[in-house]
Amino acid sequence: MGRRIRINAYVLAADPWWLEASVRAYYPVVDRIVVSYDQDSTSWTGTPIPVEECLSRLRTIDVEGKCDFRPGHYARLDEHPLENDTFQRTEALAAASDGADWVLQLDTDEVIADLAEFVSCLEEADERGATGLEYPSRYLYTRTRSGRFLEMSSRLWGTIGNYPGPVAVVAGTVPRHARQADISPFRVDFAANNTDPRHPSDAIVQRVIRPQSGILHYYWVRSEEHMRRKAEWSGHADTYSEPARMRAWRWRTRHPLLTTLGAPFQPLDNRFRLTTLPPSRRQWVGES
């Protein structure tokens, strides 16, 4: 057996809706979780964010005392929100690197569906000398009235991997933009041939996993009220808050079958299929 790799993580405490599911999914395998938060409860765009709610929820689930709370000032209103995103991640990643071999950098609406598979991939990345783990996410766009989800898909409704950035990096890595960094990646996908339309068709795949083992990214799965709030503070607030985008989100939530029928004729970000998840993965904590 190889050496035991030491894993830490960092959390940006701003978005509470899938926070418990996200952190609990990897809590058993990390030694420490750096919780980075704005001490004035102000977002990268200058709007209020529910920091105290996030901290309260984290304290509740932190039964082993792994959370390391780190306040700071990240609402630099003379900077673009994504520059503030990168700045906060840089500080959090540096703090989480202390005492670690690898650092997980998952957003709080991203949930590891199969922890054993994920850790196995991370261990293989370490053995191969990689400095970042590129692990596929399944983008869940909205939950329909039936309880099923619209998931971003290929043109013919196939599963695709999405890669917003390496979800784990070696300690000491410095972010270049948001989660992006200059790394030597170990790349995992849902098929031997690349499934991500944003990557070249011949992009190297070093390990294949089942779609059920991918990361579930609930990136637009909120109530309408919560979506409006997220749109105000996100690093992508300039696009999330566009009225046309919210109108499209509402329409697709109400008309999922019509939405999926259009997939072959739509550009990448507008192709969806219907997906059923287990009951335990359909709701955020506290949802009625």
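We count residues from 1, following the sequence as given.
- With ring centers used as reference points, F149 lies 6.0 Å or more from Y141.
- The backbone N or O of V103 sits nowhere less than 3.5 Å from a side-chain atom of N8 that would complete a donor-acceptor pair.
- Hydrophobic clustering of Ile, Leu, Val, Met, Phe, Trp and Tyr side chains at less than 4.5 Å, counting indirect connections, keeps F190 apart from V205.
- Under a 4.0 Å N-O distance rule, the pair R207/E117 qualifies as a salt bridge.
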Show your working on side chain to side chain contact (heavy atoms under 4.5 Å, CB included) between Y37 and L12 and close with a plain yes or no.
CA-CA 6 Å; Y37 64 95; L12 305 185; over 6 Å; no

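- In this structure, L257 is a member of the same hydrophobic cluster as M152, with clusters built from ILVMFWY side-chain heavy atoms closer than 4.5 Å.
- Under a hydrophobic clustering in which Ile, Leu, Val, Met, Phe, Trp and Tyr are joined whenever their side-chain heavy atoms come within less than 4.5 Å, directly or via other members, Y163 and W220 fall into different clusters.
- Electrostatic pairing of R4 and D31 counts as a salt bridge here, judged by a charged N lying under 4.0 Å from a carboxylate O.
- With hydrogens and angles ignored, the 3.5 Å screen pairs a side-chain donor or acceptor of S97 with a backbone N or O of G172.
- At least one donor-acceptor pair under 3.5 Å links the side chain of D62 to the backbone N or O of G65.
- Defined by atom type and a distance below 3.5 Å, a donor-acceptor pair is present between the side-chain atoms of H73 and D40.
- Remark: the backbone N or O of W44 is paired with a side-chain donor or acceptor of N84 at under 3.5 angstrom.
- By the rule that hydrophobic residues join a cluster once side-chain heavy atoms approach within less than 4.5 Å of another member, L122 and Y26 end up as members of one cluster.
- In summary, R176 and D182 engage in a salt bridge, as defined by a charged side-chain N under 4.0 Å from a carboxylate O.
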Residues R89, Y10; criterion side-chain hydrogen bond (donor to acceptor under 3.5 Å, both in side chains); working and verdict
CA-CA 8 Å; R89 289 182 191 276; Y10 73 78; 3.3 Å; yes

Taking distance alone, no hydrogens or angles, what donor-acceptor pairs closer than 3.5 Å link side-chain atoms of residues 48-58 to residues at least two apart or in another chain?
{"from": "E53", "atom 1": "OE2", "to": "R57", "atom 2": "NE", "distance (Å)": "3.3"}
{"from": "E53", "atom 1": "OE2", "to": "R57", "atom 2": "NH2", "distance (Å)": "2.7"}
{"from": "R57", "atom 1": "NH1", "to": "P16", "atom 2": "O", "distance (Å)": "3.2"}
{"from": "R57", "atom 1": "NH1", "to": "E20", "atom 2": "OE1", "distance (Å)": "3.3"}

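- Counting only distance, with no hydrogens or angles, the side chain of N162 and the backbone of R138 share no donor-acceptor pair below 3.5 Å.
- Checked for salt-bridge contact, R247 and E224 miss the test: no charged N lies under 4.0 Å from a carboxylate O.
- A continuous path of Ile, Leu, Val, Met, Phe, Trp and Tyr side chains, each step under 4.5 Å between heavy atoms, connects L268 with L150, placing both in one hydrophobic cluster.
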Only pairs under 3.5 Å count here: list side-chain donor-acceptor contacts from residues 274-282, not counting sequence neighbours, and write none if there are none.
{"from": "T275", "atom 1": "OG1", "to": "E151", "atom 2": "OE1", "distance (Å)": "2.6"}
{"from": "T276", "atom 1": "OG1", "to": "R148", "atom 2": "NE", "distance (Å)": "3.2"}
{"from": "R281", "atom 1": "NH2", "to": "A113", "atom 2": "O", "distance (Å)": "3.4"}
{"from": "R282", "atom 1": "NE", "to": "L277", "atom 2": "O", "distance (Å)": "2.7"}
{"from": "R282", "atom 1": "NH2", "to": "L277", "atom 2": "O", "distance (Å)": "2.9"}

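- Between the side chains of W17 and D109, no donor-acceptor pair of N or O atoms lies under 3.5 Å.
- Using a 4.5 Å heavy-atom threshold, the side chains of V174 and L93 count as separate.
- Remark: D126 does not engage R128 in a salt bridge, criterion side-chain N to carboxylate O under 4.0 Å.
- Salt bridge status for D15 with R222: present, with a side-chain N to carboxylate O gap under 4.0 Å.
- Remark: the backbone N or O of S43 is not paired with any side-chain donor or acceptor of T47 at under 3.5 angstrom.
- Annotation: cation-pi geometry satisfied between R59 and F69 (NZ/CZ under 6.0 angstrom from ring centroid, within 45° of ring axis).
- In terms of modelled atom types and a separation under 3.5 Å, the side chain of T86 and the main chain of H177 share no donor-acceptor contact.
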